[in-house]
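Have a look at the structure below before the remarks.
The figures here come from the full heavy-atom set of this structure, side chains too, leaving out hydrogens, waters and symmetry mates.
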Amino acid sequence: MEPHLPEESGSLHEARLERWLIRCKNSMEKTKQSIDLYYTLKSLSPDLMCDWNPRSKWFQDSVQAICFFPMPELTPEGDRIIVIKYLTKDAINYMHEDLARVALMINEARMCEEYCFSDIYVLDMENYTLGHASRITFTIAKKFAVCLMDAFDTRLKAFHIINAPSYAEVFIWILKVVLSPKLTSRIYVHGEDLTNFSKHVPRMCLPDDLGGTGGSLQENWNLWLKKVDSYRDWFLQHDNFKSDEMKRQGGAFNSNDLFGFEGSFRRLNVD
């Protein structure tokens, strides 16, 4: 019924619709709004939502610099642990926008095949350096937050940052700016002492490298890289499925209303 949206079909699309509805707490209206935003962002933010080719150079470089993947075991409450870790202190191949694209590709694959109640993010900053810090921008952080939290309707239960150095304060501050107050209250920062952190995340849901029993970090990452590569043909085809803003009833979508680039940073409130 919406002429600006593409027509999709097939088993993968049906699976994504089911999970979209679950993520939106079975609200049909919210699901429709989320789907509309997803295809709109593929038009308005192709730097993050398109060119999802796992065999491209940007992808191959970025996955050597940082990993972003879900652990296979759910917590007893049915939540999924998402592990993020800087793999090297050398930031030469680290681009913040490329990390965002990799993360969105992982979420796309998750939308096709897995279930959970909500996500618990675990960011290990052991290898985080000033070189990484210098590459973070507000623009990319804000776009990524909208794509992840609104277009994919990610239900964030907690965000644990471990092994955080003192100069990670800028990163944490940006994170709090682009998220709503409700979500920023779920950010927990831990230094090298992980005693408190271990009380929140079951060991079976963490890689061996982080004190868990869920297999090595690199083994888990390699499995997800293979999974993402298996979606390559679908990703490339799906690049063409985006909104046609010239056909939107009531006029084209105004990206400034969504991202707030032309006004105060406080205009964006991702929930």
Side-chain angles (χ1 to χ4, degrees), residues 41-42 44-69 82-108 119 121-152 154 156 159-179 183-184 187-192 209-210 217-218 221 224-225 228 235 255 258-262 264-268 270:
L41 286 170
K42 287 180 75 68
L44 300 182
S45 188
D47 53 333
L48 298 188
M49 294 288 286
C50 294
D51 188 23
W52 287 358
N53 184 353
R55 299 180 191 175
S56 61
K57 187 177 186 304
W58 75 262
F59 183 91
Q60 296 298 324
D61 286 345
S62 61
V63 298
Q64 300 299 318
I66 194 167
C67 63
F68 180 107
F69 63 88
I82 311 297
V83 175
I84 313 167
K85 182 178 175 64
Y86 298 90
L87 298 175
T88 174
K89 293 184 177 181
D90 185 354
I92 189 171
N93 288 326
Y94 174 76
M95 299 296 292
H96 191 51
E97 57 268 37
D98 289 345
L99 163 63
R101 272 198 289 181
V102 170
L104 294 172
M105 291 168 70
I106 296 287
N107 267 277
E108 187 75 54
D119 288 350
Y121 280 35
V122 177
L123 170 60
D124 184 359
M125 304 189 81
E126 180 184 18
N127 293 323
Y128 184 79
T129 66
L130 290 172
H132 294 101
S134 66
R135 301 195 176 210
I136 297 175
T137 66
F138 265 114
T139 302
I140 296 300
K142 291 168 70 175
K143 281 186 176 184
F144 179 52
V146 173
C147 293
L148 185 66
M149 306 307 296
D150 287 1
F152 283 98
T154 297
L156 182 65
F159 196 127
H160 293 279
I161 302 174
I162 63 176
N163 295 315
S166 59
Y167 47 84
E169 292 179 357
V170 174
F171 171 89
I172 297 169
W173 178 73
I174 292 176
L175 188 63
K176 291 182 176 181
V177 168
V178 300
L179 297 177
L183 294 182
T184 57
I187 298 174
Y188 305 93
V189 182
H190 312 271
E192 295 181 359
D209 315 55
L210 301 183
L217 183 143
Q218 194 60 54
W221 185 218
W224 265 97
L225 291 178
V228 170
F235 283 151
S255 63
L258 181 64
F259 299 123
F261 290 159
E262 299 300 324
S264 167
F265 284 119
R266 292 173 295 179
R267 288 181 59 189
L268 180 67
V270 181

Pair listing, salt bridge (Lys or Arg N to Asp or Glu O under 4.0 Å) test, anchored in residues 162-174, at least two apart |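 Qualifying pairs: none.
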
To the nearest 0.5 Å, what is the distance between [atom1] ([X]) and [atom2] ([Y])?
{"X": "L148", "Y": "D150", "atom1": "CG", "atom2": "CG", "result": "9.5 Å"}
{"X": "Y94", "Y": "T129", "atom1": "OH", "atom2": "OG1", "result": "10.0 Å"}
{"X": "K85", "Y": "L210", "atom1": "NZ", "atom2": "CG", "result": "6.5 Å"}
{"X": "D209", "Y": "Q218", "atom1": "CG", "atom2": "CD", "result": "8.5 Å"}

Quick check: closest heavy atoms across [X] and [Y], and the distance to 0.1 Å?
{"X": "A168", "Y": "Y128", "value": "CA-CE2, 4.1 Å"}
{"X": "E108", "Y": "F235", "value": "CG-CE2, 3.7 Å"}
{"X": "L156", "Y": "L183", "value": "O-CD2, 4.1 Å"}
{"X": "W221", "Y": "I106", "value": "CZ3-CD1, 4.3 Å"}
{"X": "R135", "Y": "G131", "value": "CG-O, 3.4 Å"}
{"X": "K176", "Y": "I187", "value": "CG-CD1, 3.9 Å"}

May I ask you to decide if S62's main-chain N or O and D98's side chain share a donor-acceptor pair within less than 3.5 Å?
->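 It does not hold such a pair.
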
Could you pull out all donor-acceptor pairs under 3.5 Å where a side-chain atom in residues 49-57 meets a protein atom, sequence neighbours excluded?
{"from": "D51", "atom 1": "OD2", "to": "W58", "atom 2": "NE1", "distance (Å)": "3.4"}
{"from": "D51", "atom 1": "OD2", "to": "R101", "atom 2": "NH1", "distance (Å)": "3.1"}
{"from": "W52", "atom 1": "NE1", "to": "L48", "atom 2": "O", "distance (Å)": "2.9"}
{"from": "N53", "atom 1": "OD1", "to": "R55", "atom 2": "N", "distance (Å)": "3.0"}
{"from": "N53", "atom 1": "OD1", "to": "R232", "atom 2": "NE", "distance (Å)": "3.1"}
{"from": "R55", "atom 1": "NE", "to": "D229", "atom 2": "OD1", "distance (Å)": "2.9"}
{"from": "R55", "atom 1": "NH2", "to": "D229", "atom 2": "OD2", "distance (Å)": "3.2"}
{"from": "S56", "atom 1": "OG", "to": "N53", "atom 2": "O", "distance (Å)": "2.7"}
{"from": "S56", "atom 1": "OG", "to": "W58", "atom 2": "NE1", "distance (Å)": "2.8"}
{"from": "K57", "atom 1": "NZ", "to": "D61", "atom 2": "OD2", "distance (Å)": "2.6"}

Student check: side-chain heavy atoms of T88 and N93 closer than 4.5 Å =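 Of all side-chain heavy-atom pairs linking N93 with T88, none is under 4.5 Å.
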
Using the test side-chain hydrogen bond (donor to acceptor under 3.5 Å, both in side chains), find all partners of E97 that sit at least two apart in sequence or belong to another chain.
->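 Once residues adjacent in sequence are excluded, E97 has no partner under the side-chain hydrogen bond (donor to acceptor under 3.5 Å, both in side chains) criterion.
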
